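Notes to accompany the following structure.
None of these values were measured; they are calculated from a predicted model. Every chain is numbered from 1, with letters handed out A, B, ... down the list of sequences. The figures here come from the full heavy-atom set of this structure, side chains too, leaving out hydrogens, waters and symmetry mates.
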Amino acid sequence: KQEVTQIPAALSVPEGENLVLNCSFTDSAIYNLQWFRQDPGKGLTSLLLIQSSQREQTSGRLNASLDKSSGRSTLYIAASQPGDSATYLCAVRPGANAGKSTFGDGTTLTVKP
Amino acid sequence: KAGVTQTPRYLIKTRGQQVTLSCSPISGHRSVSWYQQTPGQGLQFLFEYFSETQRNKGNFPGRFSGRQFSNSRSEMNVSTLELGDSALYLCASSPGTGTYEQYFGPGTRLTVT
């Protein structure tokens with residue numbers, strides 16, 4: 001059974017700092033890994049998707065990496081801003097037709113002005 | 001492109017009643033997945049529909065059911081509501097092929113009293 005862990009559960013940083021969020025998974029046989037952000041009481045917003053054959057993806061100030069062999073992914077946020085404050089979740093999809101994505105519990109990020 | 005829409009956004013029901021939630025995916029997407037999110041259990045997969053067929057199912061009791069229509073819109077039904085069913089119900093739209101990137105709606109907040 002796939003298990004996804006995100007550490008730390010919460011993180012508070014001053015504005016402008018670069019930071020890394022971690023996502024670990026137990027079964028390396030994945031199809032893709034997707035990072036989301038969720039604002040309180042809202043739905044999830046897709047940030048980056050990494051296919052199992054890829055090593056990293058970039059979008060603006062965000063960079064996500066994937067190391068399947070070690071069961072790890074990281075989300076790097078450059079020059080953090082107060083608007084980045086949210087909960088960040090990673091989700092692992094086991095196969096192309098296996099719709100059951102497994103989510104981590106998320107890291108709640110607070111960026112202080 | 002219009003995003004994923006979910007209706008209603010908020011719902012208050014009494015124990016024992018039943019409820020139907022609706023999800024309209026992004027135009028052209030054929031896959032709809034449903035998730036339950038609670039503070040204690042995080043995001044848990046309910047089921048996925050692809051081209052009107054249930055393709056995957058999570059570990060929820062039979063009180064939770066769903067269906068998908070020919071226009072890809074999906075409904076989720078919960079019968080005999082229990083207090084523990086109070087949660088944010090999220091649906092995710094995906095092409096169902098290719099990258100399988102998921103796009104989430106804003107959710108339906110269900111409160112059972």
Between [X] and [Y], is there a shared hydrophobic cluster once you connect ILVMFWY residues whose side-chain heavy atoms come closer than 4.5 Å?
| X | Y | value |
| --- | --- | --- |
| B/Leu90 | B/Val32 | no |
| A/Ile30 | A/Leu89 | no |
| A/Tyr88 | A/Val4 | yes |
| A/Leu11 | A/Leu75 | yes |
| B/Ile12 | B/Leu83 | no |

**OP:** With the side chain counted from C-beta on, respond yes when A/Ser101 and B/Tyr100 share a heavy-atom pair under 4.5 Å apart, and no when they do not.
**Re:** no
Original post:
Should B/Asn59 and A/Lys100 count as side-chain neighbours, where that means a heavy-atom distance under 4.5 Å?
Top reply: yes
Original post:
In terms of heavy-atom proximity below 4.5 Å to chain A, should B/Gln44 be classed as side chain, backbone, both, or neither?
Top reply: neither
**OP:** State which residues pass side-chain contact (heavy atoms from CB on, under 4.5 Å) with A/Thr58; sequence neighbours excluded, sorted by chain then number.
**Re:** A/Glu56, A/Asn63
[X] and [Y]: which non-hydrogen atoms are nearest, and at how many Å?
| X | Y | result |
| --- | --- | --- |
| B/Leu88 | A/Lys42 | CD2-O, 3.9 Å |
| B/Gln102 | A/Phe36 | O-CE2, 3.7 Å |
| A/Leu44 | B/Phe104 | O-CB, 3.4 Å |

**OP:** Assess whether ring pair (Phe, Tyr, Trp, His ring centres under 6.0 Å) is satisfied between A/Phe103 and B/Phe45, documenting all intermediate values.
**Re:** CA-CA 9 Å; A/Phe103 282 78; B/Phe45 174 80; 9.7 Å; no
Subject >> Inter-residue atom distance A/Gln34.CD - B/Ser94.OG, 0.5 Å rounding >> reply: 8.5 Å
Subject >> Among B/Glu101, B/Gln41, B/Arg109, residue most engaged with chain A (heavy-atom pairs, under 4.5 Å) >> reply: B/Glu101
Original post:
Among pairs that include at least one residue of residues 14-99 of chain B, which meet disulfide bond (SG atoms under 2.5 Å apart), considering only residues two or more places apart or in two chains?
Top reply: B/Cys23-B/Cys91
